[in-house]
**Student:** 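Take this structure first; my questions come after.
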Amino acid sequence: MTSSSRPLLNRRLAEFGTTIFAEMSALAVRTGAINLGQGFPDTDGPEEVREAAVRALRDGRGNQYPPGPGVPELRTAIAAHQQRLYGLAHDPDTEVLVTAGATEAIAAALLALLEPGDEVIAFEPYYDSYAACIAMAGGTRVPVTLRPQDGAFRLDLGELRAAVTDRTRLLLINTPHNPTGTVLTREELTAIAELAVERDLLVVTDEVYEHLVFDDAEHVPLATFPGMRERTVTIGSAGKTFSFTGWKVGWVTAAPELVTAVRSAKQFLTYVASGPFQYAVAEALALPDSYFAAFRADMLAKRDLLAAGLADAGFEVFRPAGTYFITTDIRPLGESDGFAFCRALPERAGVVAIPNAVFYDHREAGAPFVRFAFCKRTGVLEEAVSRLKSLA
Ligand code: PMP
Ligand code: GLN
């Protein structure tokens, strides 16, 4: 400690304590409860991808600093993935940047593109690092609240339009959306794109759950809409798609000037990361469509298992169209404070969940909502469901 009375943590970060994910995972370890809080799979991704990492490590590929923008094999694979799935053509040399997970991509994009005082519009509830990174960049966050409507959290396009001011620099979009599971429709994306063009806004779009869409929902990258290719920074991550969240391989695809700008910030954050894993992810991205289909089918079955169990236990369930999270309303259980509920849940039922209120500026709007992750083994989900029945 210094002797000055000035707080050590600066004002920009003072409102952000320990992330809820760390807090709740620690609670799970301490109590032995089933951790349906932090979103990470409890089984590793494909064996051949793991083996590819081992091979890279043994062959000495990536054990020293990889190139700043990412290894060419991975940049080429990312470009091929965007082309194969979405028909988006990107030059691997000038329009692709590998990052230390999507987390660094978000941080670098905001640090690069914002001037102090710029307003950033983000959907509330928002992924926790958005608020912190906007703050670190000196920006001002302007939340537009997604509200429950017919069993899902929906965007009010009028509210979004009304939130744009002369100070708005950037829209920070997330689809499929964590924590609500909402997947923006073509109509919504069209309206967002029109607004961005009309008001000349930059767009950063976090699409890390692009492969996790269910039923008749469809993931359409915002960059594919008219006028968006030149103003959009698209963010992806191997953590979610290949179930290796610890490898921290993420990426940005965008027009050359945007990639250059994001790289300017990124080079002073980690500079580079995840050397051998970059080679493995290059192989993973080239897996056949059958891998992605099987991954989605597996997660869909898990969604249905947990959704049914939560409904049986008395929660109101917002069935997600994407991601691996289910948001619930705890009011049918006679509860209204998600924080208190989640802190007590390990004792009451041996399960850990996340209070969505932490993802809101308007905390009261998020108070009764609680998020459960279903990226866990079937037996673990069955056990969690059986424990949660005691709440009913
Ligand atoms: N964006 C969203 C919406 C997320 O849920 C996460 C976390 N899983 C991230 C970004 C961070 O991804 P990564 O682990 O690749 O840094
Ligand atoms: N994205 C994960 C989640 O929403 C957590 C990642 C993290 O712990 N930062 O649960």
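Order of appearance sets the numbers: ligands from 1, and atoms from 1 within every ligand. From a predicted model like this one, the values you see are computed outputs, not experimental measurements.
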**Student:** With a cut-off of 4.0 Å, which atoms of ligand 1 are near a heavy atom of Y209?
**Tutor:**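 Those atoms are 3 (C), 4 (C), 5 (O), 8 (N).
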**Student:** Could you tell me which atoms of ligand 1, counted from 1 in the order shown, lie closer than 4.0 angstrom to a heavy atom of G101?
**Tutor:** 15 (O), 16 (O)
**Student:** Which bit of T103 gets closer than 4.0 Å to ligand 1, counting heavy atoms only: side chain, backbone, both or neither?
**Tutor:** both
**Student:** Could you tell me if any non-hydrogen atom of F40 lies under 4.0 Å from any atom of ligand 1?
**Tutor:** no
**Student:** Counting only nitrogen or oxygen atoms and a 3.5 angstrom limit, does T245 reach ligand 1?
**Tutor:** no
**Student:** Can you tell me if CD on E47 sees more than 12 non-hydrogen neighbours from other groups inside 6.0 Å?
**Tutor:**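 Count over threshold, so yes.
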**Student:** Which residue pairs pass the salt bridge (charged side-chain N to carboxylate O under 4.0 Å, His left out) test when at least one of the two sits in residues 260-270, sequence neighbours left out?
**Tutor:** E104-K266
**Student:** With sequence neighbours excluded, tell me which residues meet side chain to side chain contact (heavy atoms under 4.5 Å, CB included) with S386.
**Tutor:**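 Only E383 meet the side chain to side chain contact (heavy atoms under 4.5 Å, CB included) criterion with S386.
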**Student:** Based purely on interatomic distance, does S237 place a nitrogen or oxygen under 3.5 Å from a nitrogen or oxygen of ligand 1?
**Tutor:**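 Among all N and O atoms of S237, at least one is under 3.5 Å from an N or O of ligand 1.
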**Student:** How long is the span from the CZ atom in F374 to the CG atom in L305, to the nearest 0.5 Å?
**Tutor:**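 Going from CZ on F374 over to CG on L305, the span is 10.5 Å.
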**Student:** Between R303 and Y324, does the side chain to side chain contact (heavy atoms under 4.5 Å, CB included) criterion hold? Intermediate values first, please.
**Tutor:** CA-CA 7 Å; R303 178 199 69 171; Y324 43 47; over 6 Å; no
**Student:** What's the separation between atom CG in L258 and atom OG1 in T260, rounded to the nearest 0.5 Å?
**Tutor:** 8.5 Å
**Student:** Could you see which bit of N178 sits under 4.0 Å from ligand 2, with heavy atoms only: side chain, backbone, both or neither?
**Tutor:** side chain
**Student:** To the nearest 0.1 Å, how far is atom 6 (C) of ligand 2 from its closest protein heavy atom, and which atom is that?
**Tutor:**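 Answer for atom 6 (C) of ligand 2: Y127 OH, 3.2 Å.
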**Student:** Report the part of R371 (side chain from C-beta onward, or backbone N, CA, C, O) that has a heavy atom under 4.0 Å from ligand 2; answer both or neither where that applies.
**Tutor:**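 Near ligand 2, R371 shows its side chain, while the N, CA, C and O stay back.
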**Student:** Any chance you could measure M299, atom CE, to H211, atom NE2, to the nearest 0.5 Å?
**Tutor:**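 Reported to 0.5 Å precision, the distance equals 13.0 Å.
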**Student:** Does ligand 1 have an atom that lies less than 4.0 angstrom from a heavy atom of K240?
**Tutor:** yes
**Student:** Could you tell me whether N174 approaches ligand 1 through its side chain, its backbone, both or neither, with non-hydrogen atoms closer than 4.0 Å?
**Tutor:**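 The side chain, only.
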**Student:** Counting C-beta onward and ignoring hydrogens, is there a side-chain heavy-atom pair between H177 and T180 closer than 4.5 Å?
**Tutor:** yes
**Student:** May I ask you to check whether Y130 has an N/O atom sitting below 3.5 Å from an N/O atom of ligand 1?
**Tutor:**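 Among all N and O atoms of Y130, none is under 3.5 Å from an N or O of ligand 1.
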**Student:** Atom CG of D128 and atom OG1 of T103: how far apart are they, to the nearest 0.5 Å?
**Tutor:**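 D128 CG to T103 OG1: 8.5 Å, rounded to 0.5 Å.
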**Student:** Is there a polar contact between ligand 2 and G39, counting only N or O atoms under 3.5 Å apart?
**Tutor:** yes
**Student:** Can a donor-acceptor pair be found between the side chains of N35 and S25 at a distance below 3.5 Å?
**Tutor:**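 Yes - a donor-acceptor pair under 3.5 Å links their side chains.
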**Student:** Looking at CD of Q267 and CG of L269, how far apart are the two atoms once the value is rounded to the nearest 0.5 Å?
**Tutor:** 9.5 Å
**Student:** Nearest 0.5 angstrom please: D361 CG to E15 CD, how far?
**Tutor:** 7.0 Å
**Student:** State the atoms of ligand 2, each with its element, that fall below the 4.0 Å cut-off from a heavy-atom position in K240.
**Tutor:**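 Near K240, meaning under 4.0 Å from one of its heavy atoms, ligand 2 has 1 (N), 2 (C).
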**Student:** Which of the listed options, F21, Y127, F325, holds the heavy atom that is closest to atom 9 (C) of ligand 1?
**Tutor:**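 Considering heavy atoms of F21, Y127, F325, the nearest to atom 9 (C) of ligand 1 sits in Y127.
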**Student:** Determine, using heavy atoms of F325 and all atoms of ligand 2, whether some pair is separated by less than 4.0 Å.
**Tutor:**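 Yes, that is the case, since the closest heavy atom of the residue is under 4.0 Å from the ligand.
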**Student:** Touching ligand 1 at all, G239? Heavy atoms, strictly under 4.0 Å?
**Tutor:** no
**Student:** To check your reading of the model: name the closest protein heavy atom to atom 8 (O) of ligand 2, its residue, and the distance in Å.
**Tutor:** Q38 NE2, 2.6 Å
**Student:** Please state whether the rings of Y130 and Y127 are parallel, tilted or perpendicular, taking 30° and 60° as the class boundaries.
**Tutor:** perpendicular
**Student:** Show which atoms of ligand 1 fall inside a sub-4.0 Å distance from at least one heavy-atom site of K248.
**Tutor:** 13 (P), 14 (O), 16 (O)
**Student:** Can you tell me which residue and heavy atom of the protein come closest to atom 1 (N) of ligand 1, and the distance to 0.1 Å?
**Tutor:**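 Answer for atom 1 (N) of ligand 1: D206 OD2, 2.5 Å.
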**Student:** Looking only at distance, does A102 have an N or O less than 3.5 Å from an N or O of ligand 1?
**Tutor:**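 Right, the criterion is met.
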